[in-house]
J.: 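One structure coming up, written as structure tokens, with questions to follow.
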Protein chains: 2
Amino acid sequence: MARTAGSHSDITGPRVRAAALRLFARGGYAAVSMRAIAAEVGVQAGALYTYTPDKQSLLFDLMESHMTELLEAVNDDAELPAQARLRAFVVFHIAFHHARPDAVFIAYMELRNLTDKNFARIEALRRDYENGLERILRDGVAAGAFRVADTKIATLAIIAMLTGVNTWFRAAGRLSLEEVTAQYWEMVRRAVS
Amino acid sequence: MARTAGSHSDITGPRVRAAALRLFARGGYAAVSMRAIAAEVGVQAGALYTYTPDKQSLLFDLMESHMTELLEAVNDDAELPAQARLRAFVVFHIAFHHARPDAVFIAYMELRNLTDKNFARIEALRRDYENGLERILRDGVAAGAFRVADTKIATLAIIAMLTGVNTWFRAAGRLSLEEVTAQYWEMVRRAVS
DNA sequence: GTCTATATAGTGATAGAC
DNA sequence: GTCTATCACTATATAGAC
């Protein structure tokens with residue numbers, strides 16, 4: 001059946017989200033206008049409000065989707081030996097974050113532009129993710145495979161270090177992502193041994 | 001001698017910079033208006049333009065001052081044994097960054113709000129700082145004190161890890177800055193050994 | 001040095017036609 | 001579902017009085 005002319009709810013919605021993601025990452029939430037997002041999509045500003053009640057919800061949805069996908073993808077296997085388990089986390093973290101630089105950037109640059117309620121929700125998801133790594137470290141310490149003075153500190157240190165890859169790595173650069181991942185894993189491995 | 005009433009160029013200037021630093025760190029450059037900065041200082045918006053030609057210059061000056069102070073303070077001593085030299089860097093980095101969280105936050109959250117020319121200048125200063133750490137690592141490798149596959153990667157990994165302390169450390173928390181520093185140093189030490 | 005007033009432009013969001 | 005038009009604000013920056 002032919003749709004009403006100009007009716008594209010099934011594809012415009014995702015396009016709005018994609019444009020917002022791109023522009024927020026590039027220019028920052030506060031600096032990007034609804035008009036700029038609309039222009040990127042190819043519609044007028046008023047049309048955006050069919051897909052989001054307001055600009056804040058658009059930001060929150062992007063961040064929540066990202067964190068939810070991250071938590072669903074991480075897939076930790078507690079049966080693995082401690083080192084293999086930690087290595088799997090390192091490889092996963094770098095690959096997952098490398099694949100979606102804009103979402104990663106937004107997820108921790110735009111926290112301050114969330115309302116209090118939305119901020120609390122995103123922070124809870126982030127803590128869930130951190131707890132996943134801390135569990136790996138704690139189990140490894142208990143099994144005698146790792147030597148870590150404080151697993152919470154080590155968790156935060158490792159995540160900061162790994163996420164940092166996104167700020168400088170370029171596929172066209174001197175090293176492949178595999179080589180970079182191998183070297184980060186080596187540093188993490190030593191740091192907890 | 002009595003000054004002209006309302007004439008305070010010697011103290012208002014620094015107060016404008018301090019207010020901008022605080023507000024930019026809290027709300028983000030794009031989201032903070034000149035009126036908001038003026039209100040924080042206790043003057044009207046127009047008066048700010050006695051101290052800065054425009055908002056962009058205000059941001060750039062804050063970032064440039066921060067990076068310049070960082071480079072002047074780092075004070076690397078190439079005569080030290082490799083481990084002591086690296087340890088001094090780690091201790092310095094954490095202490096310096098802990099002492100000025102707002103400037104640190106701005107210096108890497110607001111990069112995208114700089115004009116191209118200003119961005120290039122700040123990036124050059126940042127590279128200078130990174131090169132300082134890389135020199136320490138390279139010398140240590142040459143002396144046989146460190147084992148590092150790629151000193152550039154190790155540099156970026158270490159800096160990301162150390163700067164991350166600012167995102168979570170609170171003086172009122174479970175651990176003192178000295179304890180935290182000791183544990184980060186231990187992780188860095190192992191990662192390059 | 002600071003004020004008030006203002007120019008010029010842009011903002012998020014809504015109403016109603018099609 | 002998208003458009004045009006618009007409301008009510010807010011923005012940066014400047015001019016000229018004091």
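Source: prediction; values computed, not measured. Each chain gets a letter, A, B and so on, in the order the sequences are listed, and its residues count up from 1. These values consider heavy atoms only, across backbone and side chains, with no hydrogens, waters or symmetry-generated copies.
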J.: With respect to the side chain of A:K55, which nucleotide from C:dA13, D:dA13, C:dG1 is positioned closest?
T.: C:dA13

J.: Out of D:dG1, C:dT2, D:dA13, which has the shortest distance to the side chain of B:Y49?
T.: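 That would be D:dA13.
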
J.: Using a cut-off of less than 4.0 Å, is there contact between a side-chain N or O of A:Q44 and OP1 or OP2 of D:dT2?
T.: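 False: A:Q44 side-chain N/O out of range (4.0 Å or more) of D:dT2 OP1/OP2.
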
J.: What does A:V41 touch in the nucleic acid at a heavy-atom separation under 4.0 angstrom: a base, only the sugar-phosphate, or nothing?
T.: nothing

J.: Side-chain N or O of B:T12 versus OP1/OP2 of C:dT2: is the shortest distance under 4.0 Å?
T.: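 For C:dT2, OP1 or OP2 has a side-chain N or O of B:T12 closer than 4.0 Å.
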
J.: Expressed in angstrom and rounded to an integer, what is the separation of A:I11 atom CD1 from D:dT2 atom C1'?
T.: 13 Å

J.: Rounded to the nearest Å, what distance is computed from the CE atom of residue B:M34 to the C1' atom of nucleotide C:dG10?
T.: 17 Å

J.: Counting side-chain heavy atoms from CB outward, which of C:dA13, D:dT2, C:dG12 is closest to A:S33?
T.: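 Closest nucleotide to the A:S33 side chain: C:dG12.
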
J.: Got a salt bridge between A:E69 and A:R100, using NZ or NE/NH1/NH2 to carboxylate O under 4.0 Å?
T.: yes

J.: Quickly work out the A:Q56 CD to C:dT11 C1' distance and round it to whole Å.
T.: 16 Å

J.: Would you mind checking if B:D102 and B:R26 are paired as a salt bridge, meaning a charged N to carboxylate O distance below 4.0 Å?
T.: no

J.: Could you check A:R35 against A:A47 and say which one's nearest nucleotide on DNA chain D is further toward the 5' end?
T.: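 Looking at DNA chain D, the more 5' nearest nucleotide goes with A:A47.
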
J.: Determine, for B:D77 against B:R85, whether the closest basic-nitrogen to carboxylate-oxygen distance falls under 4.0 angstrom.
T.: no

J.: Atom CG of A:D54 to atom P of C:dT14: distance rounded to whole Å?
T.: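 My rounded result for the distance is 8 Å.
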
J.: Nearest to the side chain of A:Y51, which nucleotide is it out of D:dG1, C:dG12, D:dC3?
T.: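 Of the candidates, D:dG1 comes closest.
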
J.: Between A:R126 and A:E130, does any side-chain N to carboxylate O distance fall below 4.0 Å?
T.: no

J.: Starting at CD1 of A:I37 and ending at P of C:dG10, how long is that distance when rounded to a whole Å?
T.: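 In whole Å, C:dG10 P and A:I37 CD1 are 17 Å from each other.
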
J.: Just checking A:F105 against A:H97, ring centres under 6.0 Å apart?
T.: no

J.: When you match A:G46 and A:A31 each to their closest nucleotide on DNA chain C, which lands nearer the 5' end?
T.: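 With A:G46 and A:A31 compared, the 5'-side residue is A:A31.
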
